[in-house]
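Predicted model only: the values in this text are computed from it and were never measured. Lettering follows sequence order; numbering is per chain, from 1.
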Amino acid sequence: MYALVDGNNFYASCERVFRPSLNGVPLVVLSNNDGCAIARSEEAKALGIKMGAPWFQIRHLAEDAGLVALSANFALYGDMSERMMSLAAGLGQQQEVYSIDECFVDLHGVPGDLTERARQVRARIRQWIGMPTCIGLAPTKTLAKLANHMAKNAERKPGSYPAELAQVCHLGAMDRAEREALLAATAVQEVWGVGRQTSAKLQAEGIQTALDLARADVATVRRRWGIVLAKTVQELNGTPCLSLDELPPAKQQIACTRSFGEPVTELASLRQAVTEFTSRAAEKLRRQHSLAGQLMVFIRTSPFRPDERQHSAHRQIKLSTPSSDTACLTEWAQAALHTLYQPGHKYAKAGVMLMDLQSSASEQLGLALEDDEPGHRHRLMGTLDHLNQHHGRGTVLLASAGMPQTRKGWKMKQERLTPQYTTDWGALVVAG
DNA sequence: TCTGGGGTCCTAGGACCC
DNA sequence: TCTGGGGTCCTAGGACCC
């Protein structure tokens with residue numbers, strides 16, 4: 001049996017924990033550059049705001065309907081996530097942290113009434129860190145996701161599902177008829193792994209509901225739609241095909257990409273941006289003890305400005321020696337950028353991707369008979385990471401990243417950022 | 001004026017090999 | 001007349017996830 005624990009409207013709920021005045025208020029959290037809505041409170045959803053809605057299209061609701069918008073505060077959300085995960089882990093023996101706001105817990109061998117146990121854990125998360133959650137329980141991960149969907153909607157859309165399923169829904173504790181009635185009441189696109197494209201094609205074939213999909217012939221689905229959907233069908237029937245991954249596998253690629261706060265035309269600004277993106281990507285690389293064998297840089301203008309001259313280009317470089325050294329990677333990234341840049345374009349976005357990753361245990365340190373250069377670089381990077389971790393991002397950086405006063409233009413806009421309540425002593429909430 | 005960021009897996013097709 | 005069969009690796013593109 002698996003549980004899926006999921007924070008409701010996670011980012012919006014994180015903000016509410018520290019600003020209770022936002023309770024009951026339509027609230028959205030905006031993406032980088034305050035570009036579009038990436039989280040919505042129930043009240044905001046009720047206003048018809050869609051996931052990903054551009055801010056400039058909904059900002060009138062601030063005046064018309066009291067909509068509050070906040071810039072994404074990822075330091076806060078990451079910290080709240082850790083707290084929620086450690087509490088959710090108490091549900092069972094093994095946990096897979098699936099995303100910032102949800103985790104699977106393996107309940108094999110857990111005795112007693114699982115529904116009751118889930119309710120208790122849910123109440124604890126609510127009381128200890130202020131985060132509302134819903135929990136789905138079922139014999140497979142796909143069904144647990146679906147049970148979670150039912151728990152959420154039974155709570156917020158009365159009539160969609162029986163009210164007693166609100167907050168905690170245990171599909172594994174129901175008899176067949178009851179479970180099938182719930183699957184029949186669920187549109188096929190709500191199933192985990194069935195997106196827009198697939199659901200459109202399925203519906204054209206007469207497969208409208210989760211129950212229709214569960215009843216499809218596995219071999220036929222395998223042949224016509226591929227192995228992923230075939231596994232989904234089996235999982236919907238209670239046969240586990242997806243196991244729990246306790247340790248997230250090391251990433252196979254690491255990216256750092258950003259849209260700019262305003263259009264960038266100068267190579268000098270792009271150079272600063274690319275240096276910073278490379279530095280950030282290299283930090284992530286070293287954190288998972290990997291080396292990159294390839295590096296890719298891209299720059300592009302805004303596809304939302306079809307009236308302007310468009311330019312989009314990328315260059316991939318194979319490194320002669322795999323590396324995690326910020327200076328080395330930056331040098332190559334800059335070389336790539338130079339071949340891409342064309343004057344006269346308004347660039348809107350750039351990015352750096354590190355690929356062909358391998359474990360740094362296999363690092364070739366060279367013979368270095370006289371000069372232990374690689375060893376020095378290794379320690380230098382360790383020191384750099386330590387300083388930036390303990391004294392804040394950007395404490396030490398490459399000169400080509402630019403001095404703070406010259407780094408305007410490409411930096412992102414965050415005009416509605418809340419304090420880092422849980423990760424900055426200076427931002428502690430004062431009670432009294 | 002104003003539209004995010006970061007991943008994964010699968011498939012098909014081509015190159016190449018024996 | 002009839003021109004194998006099986007395998008690997010790589011890449012690009014598509015679909016999906018949060």
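As a whole-Å value, the separation of Ile58(A) CD1 from dG4(B) P is 13 Å. Atom CD of Glu190(A) is separated from atom C1' of dC17(C) by 14 Å (rounded to the nearest Å). Across the protein-nucleic acid pair, Asn8(A) atom CG and dC18(C) atom P stand 15 Å apart, rounded to whole Å. Going from atom CG of Leu242(A) over to atom C1' of dC16(C) covers 13 Å, rounded to whole Å. For Trp55(A) and dT1(B), the CH2 to P distance is 17 Å, given to the nearest whole Å. Rounding to whole angstrom units, NZ of residue Lys318(A) and P of dC10(C) are separated by 8 Å. We find that CD of Glu96(A) is positioned 14 Å from C1' of dG7(B), with the value rounded to whole Å. Distance CD (Gln189(A)) to C1' (dC16(C)): 14 Å, rounded to an integer number of Å.
Nearest to the side chain of Phe304(A), among dT3(B), dC18(C), dG5(B), sits dT3(B). Here dT3(B) is the nucleotide among dT3(B), dG4(B), dC17(C) with the atom lying nearest to any side-chain atom of Phe56(A). Comparing atom distances between the Arg305(A) side chain and each of dC2(B), dG5(B), dC16(C) picks out dC2(B) as nearest. In this structure, of dG7(B), dC18(C), dG4(B), it is dC18(C) that holds the atom nearest to the side chain of Lys145(A). Comparing dC18(C), dG4(B), dT8(B) by their nearest atom to the side chain of Tyr98(A) picks out dC18(C). When distances run from any side-chain atom of Gln197(A) to the nucleotides dT1(B), dG4(B), dA15(C), the shortest one goes to dA15(C). Nearest nucleotide to the side chain of Ile227(A), out of dG4(B), dT11(B), dC18(C): dT11(B). Nearest to the side-chain atoms of Ile38(A) among the listed nucleotides dG4(B), dG5(B), dC2(B) stands dG4(B). Distances from the side chain of Gln252(A) to the nucleotides dC18(C), dC10(B), dC9(B) place dC9(B) closest. Between dC18(C), dA15(C), dT8(B), one nucleotide has an atom nearer to the side chain of Trp192(A) than all others, and that is dC18(C).
Note that the CG atom of Leu182(A) and the SG atom of Cys169(A) stand 6.5 Å from one another [nearest 0.5 Å]. A distance of 8.5 Å separates CD in Gln93(A) from CG in Asp106(A), rounded to the nearest 0.5 Å.
Phosphate proximity of dT11(B) to Arg222(A): present, with a side-chain N or O under 4.0 Å from OP1 or OP2. Contact between the side-chain N/O atoms of Lys413(A) and the OP1/OP2 oxygens of dC2(B) is not found at any separation under 4.0 Å. Contact annotation: Ser259(A) side-chain N/O to dT3(B) OP1/OP2 distance is not under 4.0 Å. Here Thr198(A) reaches the OP1 or OP2 of dC16(C): one of its side-chain N or O atoms lies under 4.0 Å away. For dG6(B), one of the phosphate oxygens OP1 or OP2 lies less than 4.0 angstrom from a side-chain nitrogen or oxygen of Thr257(A).
Here, dC17(B) and dT3(C) have their P atoms 24 Å apart, quoted to the whole Å.
Across Met1(A) and Leu114(A), no two heavy atoms sit closer than the pair CG-CD1, 4.0 Å.
Within the 4.0 angstrom heavy-atom criterion, base atoms lie near Gln253(A). If you check every strand for non-hydrogen atoms under 4.0 Å, Asp34(A) touches nothing. Here Ile100(A) lies out of heavy-atom contact (under 4.0 Å) with every strand.
Under the 4.0 Å criterion applied to side-chain N and carboxylate O atoms, Glu43(A) and Arg16(A) are assigned as salt-bridge partners.
Aromatic ring pairs are classed by plane angle as parallel below 30°, tilted from 30° to 60° and perpendicular above 60°; the pair Tyr161(A) and His149(A) is perpendicular. Aromatic ring pairs are classed by plane angle as parallel below 30°, tilted from 30° to 60° and perpendicular above 60°; the pair Tyr2(A) and His108(A) is perpendicular. Using bins of under 30°, 30° to 60° and over 60° for the plane-to-plane angle, the ring pair Trp192(A)/Tyr98(A) lands in the perpendicular bin.
Residue-to-nucleotide proximity on DNA chain B shows that, of Ser302(A) and Lys231(A), the 5′-proximal contact is made by Ser302(A). With the nearest nucleotide of DNA chain B identified for both Pro54(A) and Trp225(A), Pro54(A) has the one nearer the 5' end.
Shown here, dC18(B) forms a base pair with dG5(C); the pair counts as Watson-Crick or G-U wobble because both key distances fall under 3.5 Å.
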